[in-house]
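Presented below is the structure to which this report refers.
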Amino acid sequence: MRSVRVSRVYAAFKRSAGAQLRHPQSAVGTLAVAFFLVLALFGAQLAPHPNPNDQSHAARLPPTLDIGALHLGEHPFGTDRLGRDVYSRVILGAGSIFRIAGLGTLISVLAGSALGLFMGYQGGWIDEVIGRVIDALLAIPALLLALVLVGIVRNLDFEAGSWQAALADNVILLVISLLYIPIVARVARSATLDIRTREFVEAAEVRGESKAYIIFREILPSVVPSLVVEASLRFSYAIFLVASLGFLGFGARPPSPDWGLMVNENRGGFYQLTPWALEFPALAIAVLVIAVNLMSDGIRRALQKGA
Amino acid sequence: MLLFLRRRFLFFFFTYLLSSLTIFFLLRILPGDPARVIAGGREATAEQVAEIRAELGLNAPLPAQYISWVGNFLGGNWGDTIAFRGAQNYDLIIERSLNSARLAAVALLMSVPLSLVLGVIAGLFENKLPDILISLLTLSVVSLPEFVTGLFLINIVALRWGSSDLAQSLGWWFPSSSAVRADASFGEMLPALWLPAFAATLVMLAYISRLTRAGVIEELKRDYVRTAALKGIPWRTVIWRHVLRNALLPTITVIAISISWLISGLVVIEYVFGFPGLGSLLITAIERRDLLLAQAIAMVTVTVILFANLFADIAYALLNPRVELA
Amino acid sequence: MSKNSSVPANALSRREFLNVFAAGAAAAVGTVSLAGISGIASAQDGSALRFAWLTPATLDPRSASGDSEIAILNAVYDYLIETDAASNLVPRLAKSWAVSDDGLRYTLQLEENASWHDGSPVTADDVLWTINWQREAEGSVANLLSTVESVEALDAHATAITLSAPNPDFLYNLTDNKFVILQAGAEDIGVEFNGSGPFIFEEMIAGDRAILRANPDYWRGAPSVDRLEFIYFADQQAGIAALQGGSVDGIARLDNASFLGFTGDVNFNTTDIPTSGHHLARLRADREPGSDVRVRQAFKLATDRDAIWERIQLGFGAVGKDSPIGPAFGQYFLAEAEAPARDPAAAAALLAEAGYPDGLDMTLHLPNSGNFPDLAQLLAAQWEEAGIRVDVQLEEENTYWSELWMDVDLGITGWGPRPVPQLYLDFAYHSEGVWNESHYSNARVDELIEIGRSSRDQAERTAAYKEIQQILLDEGPIIVPYFFAAFMVLAGNISGVTMHPFAGRTNFNTALVG
Amino acid sequence: MTAAPHLLDVEGLTISYQVKGRWLPAVRDFRLQLRRGQILGLVGESGSGKSTIALALLRYLSGNGRVEGGGTLRFAGDDLLRKSDAELRQIWAERIKFVPQNAGAALNPSIKIGAQVTEALRAASDIDRGEAQARMMRVFHDVRLVDPERVAQRYPHELSGGMQQRVTIALALICNPELLIMDEPTTGLDVTTEAAILDRLRNLIAEREAGVLYITHNLGVVAQLCQRVIVLYAGEIMEEATALDLFQRPKHPYTQGLISSVPQLGQSKRAAQLQAIAGNPPSLTRTPGGCVFADRCPAVIERCREQKPPLEKLGDGSLIRCFRWEETISMPPVPRPPQGRKGRKKPLPLNGGGVWGGGVESALLHAKNLSKLFPVARSLRELLARVEPAPIRAVDGVDLHVRAGQTLGLVGESGSGKTTLARLIIGLEERDGGSLELLGMDVRNSVRDRSQDVLSKIQMVFQNPQNSLNPYVTAGQAIRRPLIKLRGMAPAAAEAEALALLGRVNLRPEYAERYPDELSGGEKQRVAIARAFASDPDLIICDEPVSALDVSVQSAVLNLLAQLQDEGGAAYLFISHDLSVVGYLADRIAVMYLGQLAEVGDARQLFQPPYHPYTEALVSAIPIPDPRHSTERILLSDDLPSAQNLPSGCRFHTRCPRKIGEICEREEPPWRAGDGGHRIRCHIPLAELTTMQRRLTLADEA
């Protein structure tokens, strides 16, 4: 039974994939996201110099990339002020952004969906109370909450190896999850509210199905499209947030190849000397966010019309 | 109407209460001692920590702590600034809030009319060339993080292009830095405001215009548009009198929501342009471990956002007869 | 602390410390400060020089310390003695001086033509008054004058100072940034400015700019510009942008890369002066693992100073040899010493010998400003090959200087330029130095430092300094990869300005605009 | 007929829509002629192209629709297809007016009614504000809007559906147009409101000598209102004739099917099966090459599939598109063979003794004094005065019983509480008072607390087949689940049983693998019915199960329900706003008004005096699909009083045409018992009611 239902949802996605390809913008976006995902997964294999702090090159070499001749050269994006290959660092940076933004999105979508489905189906005062708490959380701007949380956690001193220390190391991940769980829950809740009044849910109640059955078997498949759209949207905001935190110096620490950090490190006097060391990571952020947005638009078009 | 106001105010107070609890407990939930954090982490001596504990009333039970904290906040007693010795959090935040408000005001003044116009045009020409062009523009603009836009504006517009002979001869002045005096008057600040405001505008522009477009498209499909058109009144009148009235109403809420968004964006923009606003103050506060200052900034921000939402809802309700006020 | 130490007994305030010793911080990128100013230039009649500084906090000579603060004092007042770019003593208000044979009595002959901006002449009484005022203030100048036993006015233009103990660097103490000569009985100091200097204080717009007018009766001749405007920025990059945009005429203390950007530009004149200011990485010598000499030597062997100098300093300044005494100190510098060539394998072997066969895992603490993060990344990469794996931990600058820097096991520190080596040694390398951050204690070094402090035998002092350098290079807990240079950039139409290593002491009275 | 041109003269009109880049003709070769003062009906099921024609006649097609070349569209002799935009606007403003369906959406929600109406007038002519205001008041008065001054100051959402529809009619009439195009103007309104509006409309049209094209799917409305009728199917005209002719001697098999598929008032399942039209209308993308009706036609021959029959003009001016009309016109409707009631679980007499005409002990379900209150938030004043606000009394002390194997019909206007009552019984709402007994067992309040046994005994068929099936569950899975869950079957057995159930609802086994979006509306409802029957329940609650279906599909589902009851003996609680449908299927009927029952009785008793004045009004308001039939309608005002603020005494007294005086306002009326368990709740004695009320002519008596 489950396999059939899953295949049903999958079929909707396949249809949407078809719709994606018909829409050139979404196709380009999806392909670009896939490209970055490959970089994120296999960055260490793909980067010519897999150590992000590898300084075994001459410093401040200009890019050798020749797009016209399709020629990469020794240092396609040049080397930075410390003699690191910018091309490798940009490639390695994809991993860092996907690990935090992607994983954060995944966690928040899973947890937020479960919460939202429960709230939407349960209704009543529980829904009301959680809903108000979510409203309150959402009144605090994301970046502000992130900054405060990071600020606090960075100043706490934990024993190395303790779970608190592990938490502190992944504070950005934690922040993204905390920030987006309520947002996703809100979306899942309203989608659930829409579905729960449908008569097929009442039909399930009339045959005495359990709460869990109704939530996960009856309601969830219809909510999945909204959740997928929301997930893609969240992902683009998460990338934004991670890059911004990196840029403000609250994200990854040097010598991490974080794109936001790279932009910040090279924005002063070195912008004159090695503009490429700023321009390529900035470009990478912009291209990735545009790609995710294009993909997200495509998914929205495909899933919210059909299904 | 009274009932609506009552509900709305109750909601406002409830949300405010919860937000303040959230901000308050941020410092409590996390493992570790807030007094130690404020005192400077592990370097702090036990006496220093104890002193701060006493000073902050951390020895009292949590509810009492919360009440006194809220009381102090409402009474304008926000404590001493740790990040800048000798300054008061209250004075500092009020001054910086004012500056941020100026920046936000300029950004809103620039972005709201422009994005409404773009959104309406895109909506009226759904899937036609103007719409596609506007959508591409807004999509690419919304995809650029504020710091990328900001750096681009500083390095390309202000420095490279602003120093060109053409720009010079036009007498334009492109501020490559907005590090104005914190206590400057609005008039003095204005020349330095427009470039960072423009950076904020770009992001808001995309956001508001996309929602406006969706609103126009949705309203155009409604039956009453046909009714109006079939009255034999000109199409222009149909759009102005009937469609826009309904399509632009939700924009009030959108703008209120985008204020919260704008605040996030301003943090980065103020930092990039060196503007003495609340956002750059927050970054300094956190860099310098001034958690009380950060807490107060968070409360001020939440207050602003909740009030903006409150006013937007009331304005929306007053302007929109469909909202049941009873 | 030894009984005749000239090391200040009371620690300086953090703010003073920052300005005096952490010159690198001046190039902080993007730190946000309380106040800022627009870089909008006002068009005024007559020739004006507009110079960008970071925002000053105080103009009181007792507490002024930053470039922008000293720059005002230097323009409005006179010092007794100055130093030049090579740290030679140069007369100013004191046109000549003599030292008694026992090195205890200093006689200063004052300039006869000098007069205050209110027209009254500058006399020995003013000098006498200023010295006593400073001593009463118990600030850092009072510390410098702590060995002064008595001061007397010999006549209207001659002053005699008597010390209780010999101090070979005493004349350098008189060149201190805070030591401007005030009119006897001056009041509202730091607010009212009746100086004898080349410029007359006209107006201060708080946090925005200071406006100075040329003093037509200056004893060295009227300045060649009519007006001097100091324009203040919260962020160095904003000042640089203002210079590029043409709204100021000059800037000092910019980061190497920005400076390099100006050097090729015909529209600007650039000056760089090697200084004794330096950055260093240091281990705690009193705690594991830095207490083991082999570990310190391993760090030294793992470091490539030339590469760091080239990548961070971009060829400016000088390569360091693990001691605070650099080539800027001329005769004191141990030029013949050779820093060990980088050898990660040897370093790893030393570590193994010291009981760390698998290498070391440490946290490297540093302030998050200026060149420090880059230095840390370079060191981290170089050390990694020798098995020293460091976690780079950036700290907000104020926090770092107020609490952490004296405590951490492995840290990075910046020291500003000084005209003589003795201060560095007293503060940071004597086992009782107040800022002995590495907690280094070496009896021979202590002994040598005391020789440097009191010996009047130049050869003996030179030898002592050179021996200290050798000891620190061989087994000291510090790595000094480079000495940085001081920079100044002026618009192409500005001439006649000779930059001082401490930019705030640059004299603008000879500047020409046009 | 005069030589003057027709008011509207359409020939060879073909209208296409763009679907996925292709232009598909949605309406083909349409024609019509309309004279001044004439009301022409256009009848068709959903998707037949009615509304497309209306908009094309107005030249107001949306961007993805267009009128193909070759046809003519003349209005008062002028070619509308050649008008410029400005000329069209002039015509819209003054001469042709459109009355849309769903008046609520057709009015601008943020502009006051008055401004919207005068805007139409000012677009037409250059008149001053005062004059416009005066004319608006006149036309508001004409359409019988109560308190026109206040209505003008209101926003649309502040008016009831009936009032909104009157406003759109006023909007059309205010300029005295020559042509009115009305697109289902009463669909979605209660039958009482519909009757009042139609009544007024008929007079207004007669007064104004305007030509009217009246579009509807409701044959009863057409029969009552129109002089001529065009029958549309899948974008083509099937037949055109005078109303009298069409309903007396329908020529086209489709028309015949339509007319006989509607249950007529008084027609009962016991007498005859409804005539159903098999199959579903063709989709726009797959229009057959031959006759569009061929696939569903009982008289189809080979020729019909190969060749498109032409639109034939007959001597009497009527039109017909059929090769075989001369043969089929004489075919009588298929009568339902009388069937014995087989498989009944507990045969019961139709009429019994006891309190309710049947002993309580014999009832399958007995609901006693059921009530449901929906709380209302307190206003500030109530909060200060510490007054509890009055709750909405959706169901207020209802006694009801359903006998095994029988159908209890439940009728009433929307807002009467029918659906809430059903949901209380099934347990989807929790009752606030009263008790429920099923086969003598006490039934728990909420569905969540009920035992499997009880759950399996009561099932439900929902109103909207679109929503009652999970889009991610196949038909087979939907039917299997209750088999496993409620009957404890093993998956394999359930699989086989599900196929058997599909067979019982006349669906082929391959439907088991289909998802809801691969089924038509009627097929979905069959699956939903099969699912309800899966647990072999004793009682099935049917909440408006056919109201979302087209007429031709509706009859098949009604037949199916009747047939399944015959076979299995399950009882139904059948809820509908359509008295004809309820009358057809129900053994007994309960009439509900404002949360209470007004009348209960056997199905036939209910359509004859004495009836409750409310039932009388309901019955008289039914549009009968027979032009000869004209009842004097008993018209009620539009508005049901608020269930939060109930009228005192008899709840119906505010609208009752037979109110006898103060007693109605003061005292709750008593239950008065008639023959065979017939009960009426009224102050007027039954005998008196009988004398003052008219008898209806019922279908199988005619």
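Residue numbers begin at 1 in each chain, while the letters A, B, ... track the order of the sequences.
The side-chain heavy atoms of C:Asp374 and A:Phe270, taken from C-beta on, include a pair separated by under 4.5 Å.
The contact list for residues 36-62 of chain A toward chain C, using heavy atoms and a distance under 4.5 Å, reads A:Asn51, A:Asn53, A:Gln55, A:His57, A:Ala58, A:Ala59, A:Arg60 by residue number. Close approach to chain C, defined as a heavy atom under 4.5 Å from one of its heavy atoms, is seen in A:Arg253, A:Pro254 of residues 232-254 of chain A, taken by number.
Taking CZ from A:Arg81 and CG from C:Leu260, the interatomic distance works out to 14.5 Å, rounded to the nearest 0.5 Å.
Between the C:Arg311 side chain and the A:Leu82 main chain, a donor and an acceptor come within less than 3.5 Å of each other.
With a 4.5 angstrom heavy-atom cutoff, C:Glu384 touches chain A only via side-chain atoms. At a 4.5 Å heavy-atom cutoff, the contact between C:Asp391 and chain A is made by side-chain atoms alone. A:Leu273 touches chain C through its side chain: at least one heavy atom from C-beta onward sits under 4.5 Å away, while N, CA, C and O do not.
Among all heavy-atom pairs drawn from C:Ser258 and A:Gly269, the shortest one is OG-CA, 2.8 Å.
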